[in-house]
Amino acid sequence: MGPEGLESMKHISRWKRADTYIMELTIGAALLLVGIFQVLLPVLRVTGPLPPPEAREVVVDTAARLPGVTTSGTVTLRGTHYAELAVSNPGLGQRLLLVLPEAVGGLLVVVILTVLLQMARTFRHRDFFVPQNTWRLAIIAGALMLTGAFVPLTEMMTTNLLARATPMAEAITPNTNYHVGPMFLALLVGATSAAFQNGARLRADTEGLV
């Protein structure tokens with residue numbers, strides 16, 4: 001290979017190395033932002049330095065009634081089945097119940113980004129099929145599944161606890177809408193984990209032949 005070819009290979013190597021560092025910085029910045037806004041701030045709203053949470057949107061049996069004119073020609077303003085469950089001067093337990101779904105979701109995102117950052121570091125040496133990446137992808141798939149199934153369940157349970165023993169409890173409809181997007185991504189990531197496992201196995205077999 002001539003000097004021009006070697007110089008071209010150096011540029012490609014530098015570009016790929018820069019790509020990896022940019023990926024790590026991007027994931028690290030996202031990890032920092034999620035940790036602050038979806039984990040730290042909700043905790044501070046529970047413990048006291050920040051104003052406490054006071055309300056949560058809930059689904060009710062009867063559509064809200066709207067005052068005044070709601071129809072004009074072909075345009076109609078309709079009430080929905082959403083309302084706000086407000087708690088005045090919430091205690092420590094109520095504040096915890098109000099922020100728990102958000103905090104749990106934030107922690108799961110932190111887990112996903114942390115594992116992604118560990119995977120990105122293995123790309124520095126262009127070693128995609130290291131054995132650790134297989135179980136890292138499995139962890140990401142599990143966290144995504146929990147995001148789609150457990151976080152909505154947490155919101156439903158904490159809402160029931162907030163409204164328990166009050167007349168409003170009968171008017172609130174349990175909201176069990178699971179998040180299909182993260183659950184579908186979990187299946188895709190699980191399939192990718194299996195592909196990485198096969199890649200790691202093939203690489204081990206190839207190295208054994210050398």
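Quick note: residue numbers are just sequence positions, from 1. Below, all heavy atoms of this structure are taken into account, side chains as well, without hydrogens, waters or symmetry copies. This is a predicted model, so every value here is computed, not measured.
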side-chain contact (heavy atoms from CB on, under 4.5 Å) between M119 and N133: does it pass, once the steps are laid out?
CA-CA 6 Å; M119 289 187 64; N133 283 347; 3.4 Å; yes
Verify side-chain contact (heavy atoms from CB on, under 4.5 Å) between L117 and E24, making sure each step is shown before the conclusion.
CA-CA 6 Å; L117 186 59; E24 291 181 26; 4.1 Å; yes
Let me see the working for Q118 and R136 under side-chain contact (heavy atoms from CB on, under 4.5 Å), right down to the final yes or no.
CA-CA 8 Å; Q118 293 173 349; R136 284 169 181 158; 3.6 Å; yes
Step by step, would you call Q94 with L162 a side-chain contact (heavy atoms from CB on, under 4.5 Å)?
CA-CA 7 Å; Q94 292 171 319; L162 284 167; 4.1 Å; yes
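If you chain together hydrophobic residues whose side chains sit under 4.5 Å apart, V111 and L31 fall into the same group. In the hydrophobic clustering of this structure, L137 groups with I112; members are Ile, Leu, Val, Met, Phe, Trp, Tyr whose side-chain heavy atoms approach within less than 4.5 Å, directly or through other members. L92 and L85 end up in different hydrophobic clusters when Ile, Leu, Val, Met, Phe, Trp and Tyr side chains are linked at under 4.5 Å. Linking ILVMFWY residues whenever their side-chain heavy atoms come closer than 4.5 Å, directly or via other members, places L185 and I140 in the same cluster. When the side chains of ILVMFWY residues are joined at heavy-atom separations under 4.5 Å, either directly or via intervening members, V43 and V34 end up in two distinct hydrophobic clusters.
M23 contributes atom CE, which lies 13.0 Å from atom CZ of R121 (distance to the nearest 0.5 angstrom). Summarising the geometry, atom CZ belonging to R56 is positioned 4.0 Å from atom OG1 belonging to T159; distances are rounded to the nearest 0.5 Å. Separation of atoms CG (L146) and CG (L107) is listed at 11.5 Å; rounding is to 0.5 Å. Expressed to the nearest 0.5 Å, how far CD1 of I139 lies from CH2 of W135 amounts to 5.0 Å. The CD atom of E102 sits 13.0 Å away from atom OG1 of T154, with the distance rounded to the nearest 0.5 Å. Here the CD atom belonging to E57 is positioned 8.0 Å from the CD atom belonging to E84, to the nearest 0.5 angstrom.
Listed by chain and number, the hydrophobic cluster partners of L40 are L32, L33, I36, F37, L41, L44, L50, where partners are ILVMFWY side chains within reach of under 4.5 Å, directly or through others.
By the 4.5 Å heavy-atom criterion applied to side chains, V59 and Y82 are counted as neighbours. With a 4.5 Å cut-off on side-chain heavy atoms, P51 and R45 do not count as touching. For the pair P53/R95, a side-chain contact is recorded, criterion being any heavy-atom separation below 4.5 Å from C-beta on. P90 places a side-chain heavy atom less than 4.5 Å from the side chain of E54.
The two residues A186 and A141 make their nearest non-hydrogen contact at CB-O, 3.3 Å. In terms of heavy atoms, S193 sits closest to T134 at OG-O, 2.9 Å. Of all heavy-atom pairs spanning A163 and A169, the tightest one is O-CB, 3.2 Å. P152 and T147 make their closest contact through CD-O, 3.6 Å (heavy atoms, listed as atom of the first residue, atom of the second, distance).
For H81 (side chain) and V60 (main-chain N/O), a donor-acceptor pair under 3.5 Å exists by modelled atom type. Proximity of a side-chain donor or acceptor of T26 to a complementary backbone N or O of I22 within less than 3.5 Å is detected.
Evaluated for a side-chain contact (heavy atoms from CB on, under 4.5 Å) with V104, the options V39, L153, V151, T158 yield exactly one hit, V151.
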